[in-house]
Each structure stands twice: as C-alpha cells, then as structure tokens.
Amino acid sequence: MIPEAEIWQITALSLRISLTATGLSLFLGLPLGTWLALGRFRGQTFLLSLINTGMGLPPVVVGLVVAMLLWRSGPLGGLNLIYTPTAIVIAQTLIALPVVTGLTASALQQLDVRLQWQLAGLGASRVQMVLVLWREARLPILAALMAGFGAVISEVGASMMVGGNIKGQTRVLTTAIVLETSRGAFDRALALGALLLGLTFLVNWGLTLLQQRGRR
Amino acid sequence: MKPLLEVHRLCVPRNAHFAVQVERLTVYAGETLVLIGPNGAGKTTLLLGLARILKATQGSLRLNGEEIRDDLTYRRHLGLVLQDALLVSTTVWNNVALGLRFRGLPAAEIRQRTRRWLERLGVAHLAGRPATQLSGGEARRVSLARALALEPTLLLLDEPFAGLDAPTRERLREDFHAILSETRTTAILVTHELEEACTLATRVAVMLAGRVVQVGPVQEVFARPVNAAVGAYLRRLGAEERAAYS
C-alpha cells in the first residue's frame with residue numbers, strides 16, 4: 001500500500017514537472033514555430049522536416065542524451081542536475097518542444113497568406129502582425145499545447161533515465177507505475193494509471209474549455 | 001494636379017517567372033486611378049508592390065515628393081482593401097479599430113473614428129457582431145470602413161466589389177464613390193468591371209503582361225488605344241460587359 005501522502009506528493013510532482021515543461025516548450029516553441037512558418041530563408045523546409053521528425057522523438061533517446069549531458073562526468077555534470085526534478089523538466093521540454101513548434105508552424109501556415117498582406121496594409125508592425133496571427137490560430141495552437149502536455153505527462157523513459165525514480169524526490173506517476181508493475185503490484189499500478197488518466201483529462205478539459213471559448 | 005505617388009522604374013517579382021515592371025507612373029492627389037487589365041496582367045502584384053508588401057527588386061517610390069525609406073512608416077499612410085474582406089475573428093468594431101490601434105492612436109480618437117466610419121458605411125448596427133457572421137456585402141462594407149477609418153493618404157483597393165450580387169455591388173459602389181468625392185481621398189483601384197472603371201476613374205491605367213501600357217482619362221483610352229493589344233483587350237472588356245448585362 002502506498003501512503004496517501006506519497007500518492008499526493010507523486011501526483012503534485014508529476015503535474016508540476018509536466019506543466020513546467022509544457023510551459024517552457026510553449027515559451028520556446030511558439031516563437032520558433034512562428035519563425036519557421038512565416039520566415040523566408042534557406043533551409044526552412046529542412047528545418048521544418050527536422051522539427052516534424054522530432055515530433056516522434058522517442059523519450060528514451062531524449063533521456064539518454066540528457067543523461068549523458070548531465071552525468072557527473074558529462075559536459076554539464078558540474079550543475080549537479082542529474083536525478084533531480086529539473087533534469088526531468090529539461091528532458092520533457094525537449095520532448096514537447098518539437099510537438100509545440102511543429103504544430104504551431106503548421107497552424108500558422110494554414111492561415112490565408114493574404115491575411116498577412118492585409119495586416120501589413122493596415123500598418124501592422126512585425127510584432128503586431130504576429131500577435132494577430134497567433135490570435136487567429138489560437139485553436140490549433142491550443143491543440144499543440146495539449147499535444148505537448150499529452151506527450152510529456154505520459155512519457156516514462158526519459159523521466160526514469162534522468163530522474164532515477166527516487167522516492168520522495170523524482171518519482172512521478174509514470175515511473176511509479178513502472179515500479180509497481182515490476183513488483184507485481186498490478187492493483188496499485190492500475191490505481192496510479194487511473195490517477196494519471198484522470199489528471200491528464202482534467203488538464204486537457206481546462207485547455208479544451210479555453211479553446212472552445214476562443215471559437216466564440 | 002499635385003503628384004502624390006511617383007513610381008519610377010519599378011520591378012516587382014511575383015514569382016520566378018513573372019514580374020511587374022513599371023517605367024513611370026504618377027498618381028495625382030485626389031484622383032482615382034483605376035487599374036484594368038486581363039487576368040494575370042499583374043494588377044494585384046503592382047498594387048502589393050506599391051504597398052511595399054511585395055518587395056521591389058529595383059526602382060523607386062516617392063510619396064509627396066519624398067523617397068520612401070521606411071516601409072512601416074509608409075504603410076501607415078495607406079489603406080488597403082483586398083479582394084476578400086479578410087476580417088479577423090473578432091467583432092466588427094474591433095476589426096474597424098484594428099489599424100487605428102496599430103498606429104497607437106488615443107482611445108477616444110479610435111472610438112470616434114470607428115463609430116463614424118461604421119455609420120458612414122451603414123454597418124453601425126453590426127458593431128458588436130462577430131465578423132465571421134457577416135454576409136458578403138456586410139463584410140465588404142466593414143473592410144472598407146476599416147481602411148477608410150485610417151483616413152489614408154492613399155487608398156489601395158483590389159477588386160473591392162468582386163463576387164457581390166449586382167444590386168449589392170451597385171449600392172456599395174455608389175456609397176464608395178460618394179465617400180471618395182467627399183473626402184477627396186486619392187485611390188488606386190483594381191477592377192475587371194468596365195462600368196466600375198467608368199464610374200469611379202479619374203484616369204485608367206491599362207496593364208498587359210506585367211507592364212502599364214497606357215494611362216489616361218477613360219474616354220481618351222477607349223477612343224485612342226495606344227496599340228492593337230490594348231484595343232483588343234478593351235473591345236473584349238466591352239463585349240464581356242454587354243454579355244453580362246444582356
């Protein structure tokens with residue numbers, strides 16, 4: 001039996017880590033996706049292909065790379081981040097970033113190109129134009145955010161590799177499920193799984209409400 | 001008449017295969033210059049080049065005698081109305097106020113101008129309605145109000161009445177004509193409609209294959225086409241118009 005306090009601690013940590021990673025991926029992915037969608041430069045299609053490939057990036061590969069970087073003897077080992085929640089946030093941000101970036105770029109490219117002409121013709125500066133375009137594409141951009149959150153809250157490989165599944169410190173819902181399953185405690189694993197699903201539903205419900213309000 | 005916009009040796013590429021090239025074109029203050037020409041002649045490309053939205057690879061533009069250096073400053077002298085209304089998904093009021101907000105005008109002035117132009121275009125009763133719920137004619141009126149609210153030095157219009165049914169188009173055109181006369185706004189208008197050109201134009205400019213081949217008062221251009229290609233195009237335009245009305 002897992003103590004109730006520990007369950008709440010694991011749940012809160014899962015939520016905190018995945019929301020932070022999703023927020024960071026939005027902060028970085030929104031401008032990056034905008035640049036890829038609206039910019040005109042050499043290598044643009046190649047970069048978009050890279051980002052689209054990154055949308056299917058296996059979390060264990062991300063975990064491996066981040067673990068190698070943060071390992072005590074690694075290039076960023078001096079930061080002492082391996083097996084900390086921050087390490088999991090870094091790995092999850094890298095998993096969500098291509099999803100948010102790629103879907104943002106796709107959302108903006110679906111807008112009528114003449115809308116950019118029209119806004120320019122109304123005297124919009126570059127920043128003003130981007131703000132209006134984000135607003136016009138807010139529904140698919142929110143969908144991108146949901147996809148990013150879905151990718152990180154459900155991943156286990158990277159969290160396990162860079163977090164270490166340390167009780168009370170880096171154990172999150174997915175890694176706890178893996179642990180309970182390996183112990184043969186399927187009832188506890190199932191309960192944690194239901195909690196994870198419920199949590200994912202609640203966050204996506206909130207984002208969907210926001211998205212559907214934007215339709216009006 | 002005083003020159004407002006002077007175009008000299010302008011080259012605006014649309015793609016790898018097509019560019020508009022204008023040796024010399026002057027738009028005078030207070031006039032309505034109507035650009036006519038067959039599909040693919042480059043009218044929209046020229047309009048977007050004049051708005052500095054499509055980049056010119058060479059040539060110069062002078063507004064009120066001054067070379068244009070900063071695109072944003074220049075564009076804030078313009079009003080642009082494209083073929084589709086291209087309203088953003090917010091209320092009609094916010095759409096009309098959009099360009100005024102881009103310019104950072106005081107809130108009271110934005111309110112006053114937005115109200116005035118919504119009323120002038122007869123769409124004040126739609127102010128609170130989402131722009132996505134408008135009919136075609138209403139959307140065009142809002143898009144005209146949005147451009148006119150800027151009180152532009154130069155108004156650029158790309159077939160602003162295209163696709164509307166005949167009675168709606170006629171009413172809107174009449175209103176627009178009255179507004180241009182009242183405000184003495186200088187305008188460049190692209191159209192395919194002979195009647196529109198005849199009603200609105202101070203002068204017409206005929207474009208063929210990316211070049212402005214003849215500019216002059218409507219009657220003069222129709223009476224004395226500069227070459228056989230212009231003559232053939234104008235005859236075709238007249239025949240299409242007659243067929244449309246018969």
Side-chain angles (χ1 to χ4, degrees), chain A residues 30-31 33-46 103-146 207-216, chain B residues 44-45 47-55 70-91 94-105 129-133 139 142-143 145-160 188:
Chain A
L30 198 55
T34 305
W35 177 64
L36 283 171
L38 307 182
R40 294 282 170 271
F41 54 90
R42 280 172 75 92
Q44 186 175 18
T45 308
F46 178 71
L103 293 180
T104 296
S106 156
L108 291 171
Q109 285 186 331
Q110 277 171 34
L111 294 175
D112 190 333
V113 70
R114 294 172 309 159
L115 183 59
Q116 288 179 54
W117 298 348
Q118 181 62 76
L119 294 171
L122 288 170
S125 66
R126 197 74 190 150
V127 172
Q128 287 168 331
M129 184 186 292
V130 165
L131 290 176
V132 175
L133 294 177
W134 281 351
R135 193 174 186 285
E136 288 302 291
R138 62 194 178 280
L139 301 184
I141 286 176
L142 272 168
L145 200 60
M146 284 188 254
L207 286 171
T208 308
L209 281 178
L210 198 67
Q211 188 194 41
Q212 296 308 304
R213 208 181 61 183
R215 285 181 66 193
R216 290 191 275 276
Chain B
T44 300
T45 303
L47 205 71
L48 294 172
L50 294 180
R52 293 269 194 156
I53 289 169
L54 293 183
K55 300 289 172 206
D70 178 58
D71 285 355
L72 183 60
T73 310
Y74 166 64
R75 279 201 214 111
R76 288 187 173 173
H77 287 287
L78 305 180
L80 178 70
V81 178
L82 293 173
Q83 221 177 89
D84 290 322
L86 293 167
L87 303 174
V88 294
S89 50
T90 174
T91 60
N94 284 335
N95 267 283
V96 175
L98 192 62
L100 301 168
R101 289 185 183 138
F102 287 156
R103 285 158 175 74
L105 295 181
R129 191 182 289 184
T132 45
Q133 293 176 8
V142 173
S143 118
R146 181 172 64 178
L148 288 161
L150 303 173
E151 294 173 5
T153 309
L154 175 64
L155 186 58
L156 303 170
L157 308 109
D158 187 9
E159 301 195 48
I188 303 176

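Order of the sequence lines fixes the chain letters, A, B, ..., with proteins taken first and strands second; residue numbering starts at 1 for each chain.
Contact record, Ala137(A) with Leu111(A): CB-CD1, 4.2 Å, taken as the closest heavy-atom pair. Shortest non-hydrogen contact noted between Val81(B) and Ala147(B) is CG2-CB, 3.5 Å.
A 6.0 Å sphere centred on CZ of Phe46(A) holds no more than 12 heavy atoms belonging to other residues, nucleotides or ligands.
We find the CG-OG1 distance between Leu139(A) and Thr208(A) to be 11.0 Å, quoted to the nearest 0.5 Å. In this structure, CG on Leu100(B) lies 5.5 Å from CG on Leu150(B), to the nearest 0.5 angstrom. Between atom CG of residue Leu80(B) and atom CG of residue Leu119(A) there is a gap of 10.0 Å, rounded to the nearest 0.5 Å. For the atom pair Leu50(B) CG and Ile188(B) CD1, the distance stands at 5.0 Å (nearest 0.5 Å).
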Chain A and chain B: which donor-acceptor pairs fall below 3.5 Å?
unit_1	atom_1	unit_2	atom_2	d
Arg114(A)	NH1	Asp84(B)	OD2	2.9
Arg114(A)	NH2	Asp84(B)	OD2	2.8
Gln118(A)	NE2	Leu80(B)	O	2.9
Leu122(A)	O	Arg103(B)	NH1	2.5
Gly123(A)	O	Arg76(B)	NE	2.7
Gly123(A)	O	Arg76(B)	NH2	2.9
Gln128(A)	OE1	Arg76(B)	NH2	3.0
Gln128(A)	NE2	Phe102(B)	O	3.0
Arg135(A)	NH1	Ser89(B)	O	3.1
Glu136(A)	OE1	Ser89(B)	N	3.3
Glu136(A)	OE1	Ser89(B)	OG	3.3
Glu136(A)	OE2	Ser89(B)	N	2.8
Glu136(A)	OE2	Ser89(B)	OG	2.9

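Only the backbone of Ala85(B) comes within less than 4.5 Å of a heavy atom in chain A; its side chain stays farther off. Contact annotation for Leu48(B): only side-chain heavy atoms (C-beta onward) come within less than 4.5 Å of a heavy atom of chain A. Only the side chain of Leu72(B) comes within less than 4.5 Å of a heavy atom in chain A; its backbone stays farther off.
A 4.5 Å side-chain heavy-atom check between Val88(B) and Leu115(A) finds at least one atom pair inside the cut-off.
Contact tally against chain A (heavy-atom pairs below 4.5 Å) for Leu82(B), Leu78(B), Leu54(B), Leu87(B): the top residue is Leu82(B).
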